[in-house]
Amino acid sequence: MVNITLKDGGRKEYPSGTTVLEMVQSFAPGLARKAVAARFNDELVDLTTPVTEDGSLEILTFDDDEGQEVYRHTSTHIMAQAVKRLFPDVRLAIGPAIDKGFYYDFDSAQTFTPEDFVRIEEEMRAIIKEDFPVVREEVSREEALQLFHSQDESYKVELIEALPEGEVISLYRQGEFVDLCAGPHLPSTGKVKAAKLTSLAGAYWRGDERNKMLQRIYGTSFPKKAMLDDYLHKIEEAKKRDHRRLGKELGLFIIAEEGPGFPFFLPRGMIIRNELEDLWRKEHVRAGYQEIKTPVILNRSLWERSGHWDHYRENMYFTTIDEDDYAIKPMNCPGGILVYKEHLHSYRELPIRLGELGLVHRHEKSGVLHGLMRVRAFTQDDAHLFMLPSQITSEIKGVIDMVDRFYNLFGFSYHVELSTRPENAMGSEEVWETATAALREALQEKGIDYVINEGDGAFYGPKIDFHLQDSLDRTWQCGTIQLDFLMPEKFDLTYVGEDGERHRPVMIHRVIYGSIERFIGILTEHFAGAFPTWLAPVQVRIIPIAERHHDYAFQIEKQLREAGLRAESDLRREKVGYKIRDGEVQRIPYLLITGDREVESSTVSVRRRNQGDLGAQSVEEFMAAIGEEISARRSG
RNA sequence: GCCGGCGUGGCUCAGUGGCAGAGCAGUCGAUUCGUAAUCGACAGGUCAUCGGUUCAAAUCCGAUCGCCGGCUCCA
């Protein structure tokens, strides 16, 4: 007999060898129907696993993240089986579950088309209907190699060879299909109810662009058709928040064919930009920063000295002036360093914090451009902090606080990554270790959760990255804090210490918004174009009901403008309903309806975006309320 | 850069070898209106560009440019 402890604390006893599924069926038949896998003694197991020892048991359903992963993992096996049936020559690479679905990478002489999706989905439905049991089998390395050799599955062979010695090698079989897989899986293919293939893409074997490009098919699956429909509907809704679409609809920016990756800001987009910059300047003065502006084009010798010439050249644009080589800056740091070097500094001056809204240009590969999120010219809200080694932790913490203050103001949630030494790094391992430890320490002292992003640091130092989400849940790095011991060395930066000797300062490179362009993209999606009043390109639109109210409307507009509000009047000869709809579609925070009643009583009828009619107020009352909302920079 | 898809008026899209279309936006006219679309008329396109196949190309083929989704890379 084995003793089983359930999640709710209940205890059960079963004959040894009873499967997990049999257990659930005995104490919760309803749960058994929903069950997809289980956790036994902190290990994920199949429902078909026979239990032969005491332990704690938790049943996983589609509602659990891990349950969902198992569900999608079996789904991708079903897809692979279908593809193998239809295209016997394909070789399988890998096929994991991902955040909202799954994919499988195939190597095939024939290229798949979206038309093939119909056939594959049909075959998947057949496999689901056949309801094959999914059976786990543990084999020796030799057996596994032999099996996949015999099937000419060279990628599987490569995967097995890469498995560490002593690792359990398991196979999962369903009908005629077998795959190398750690599991766990659903008990049978019939468990998958609604599956859909969503897209087709190329992907390099093992994610390395030197390797062969495989064909990746993405899909998703759910236990109910309604859930799939709901998911697809949500995707459609999310697309309406896409900043590229809203940017066009709201007249914020354009990207012309004449300048791929080089955005143009339109008058309305410039208002948002300028508001963000105003806030930035105010906060930076408060935090003890000074502002500088450094040139966009600087001589080659500077970039050779900074290391960009060796480590960043493929991302840079170049030009020639009077037969000398110059580069268009991809980063602001060398310029900031020249400012620091302009004169001798005492330890008493440190830390020196030099902020710069610097326009940088980077050559990005054509395939990566994406609206305002990934462009070839962008403005970094940069700053370079020069400090004593003893000031490192407090300066990093200061920047972390600032990032948090900014992001909270907009209501963003974000996640943090610590990026370590990349392959093409400058400097010794020791310097990198010291710098990375300093960043880690600051994060720990602030009690911030973070994930390690191995090898993603800048070439001159490790960094803390702050990531924000777009409307389709893709994440984009915005803020970053980079600790740099190497540039001060390269440029022979010094300060005079208490002892009268010259010492080496430490540098921090950091951005809060990251790139103003990307940040505006994220903001647009976050607010679905309904910017808080302080950021809204038009804050108030006055809607006179008939032509005889135009003078009154204009008088109010003038009053609002004089108070510094961004107000305009809609003088078109249209019905009120039409003008209101247009105002709502344009996401204008306040519409002021003015007709006979308002002229009579010297009021305005206030309509708040998404809330409707708030009733009549005096102009003074309205201005006081909106003024307060703006100066508090409320996001609500 | 790589893989796949796409490119038709300002915008969203229909048109799959035989006369380039619709809705919205725009202009003009009528309507002077009370909280999410008033009615009518007009105007607007070298069908991304270049080349090819064909009696005939938006439509088929090739190249180039751009866009979209991924991969790699990154703020």
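We name chains A, B, ... by the order of the sequence lines, and we start the count at 1 in each one.
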Asks: Taking the six-membered ring for Trp, are the ring centroids of Phe466(A) and Tyr513(A) within less than 6.0 Å of each other?
Replies: no
Asks: Base, sugar-phosphate alone, or nothing: which one does Arg548(A) contact when heavy atoms must sit under 4.0 Å apart?
Replies: sugar-phosphate
Asks: NA contact type, Arg244(A), heavy-atom cut-off 4.0 Å: base, sugar-phosphate, or nothing?
Replies: sugar-phosphate
Asks: In whole Å, what separates the C1' atom of U72(B) from that of G10(B)?
Replies: 36 Å
Asks: Within this structure, what is the CG-to-P distance between Asn211(A) and C3(B), rounded to whole angstrom?
Replies: 15 Å
Asks: For atom P, what is the distance between G9(B) and A22(B), given to the nearest Å?
Replies: 14 Å
Asks: Using the C1' atom in both, what is the distance from C11(B) to G4(B), to the nearest Å?
Replies: 27 Å
Asks: Rounding to an integer number of angstrom, what distance separates G69(B) and G34(B) when you compare their C1' atoms?
Replies: 47 Å
Asks: Just how far, in rounded Å, is C1' of G34(B) from CZ of Arg573(A)?
Replies: 18 Å
Asks: Determine the contact category for Tyr103(A): base if any of its heavy atoms lies under 4.0 Å from a base atom, sugar-phosphate if only primed atoms, P, OP1 or OP2 are that close, otherwise nothing.
Replies: nothing
Asks: With a non-hydrogen cut-off below 4.0 angstrom, is Glu574(A) in contact with a base, only sugar-phosphate, or nothing?
Replies: base
Asks: So what does Lys463(A) hit on the nucleic acid, given a heavy-atom distance under 4.0 Å: a base, only sugar-phosphate, or nothing?
Replies: sugar-phosphate
Asks: What is the distance, to the nearest angstrom, from the CG atom on Asn332(A) to the P atom on A75(B)?
Replies: 13 Å
Asks: Is Phe378(A) touching bases, backbone alone, or none of the nucleic acid, heavy atoms closer than 4.0 Å?
Replies: base
Asks: Considering just the side-chain nitrogens and oxygens of Arg581(A), establish if one lies under 4.0 Å of OP1 or OP2 belonging to U35(B).
Replies: no
Asks: For A56(B) and G52(B), measure between their C1' atoms and round to the nearest Å.
Replies: 15 Å
Asks: Calculate the interatomic distance between Glu417(A) atom CD and A75(B) atom P; express it in whole Å.
Replies: 11 Å
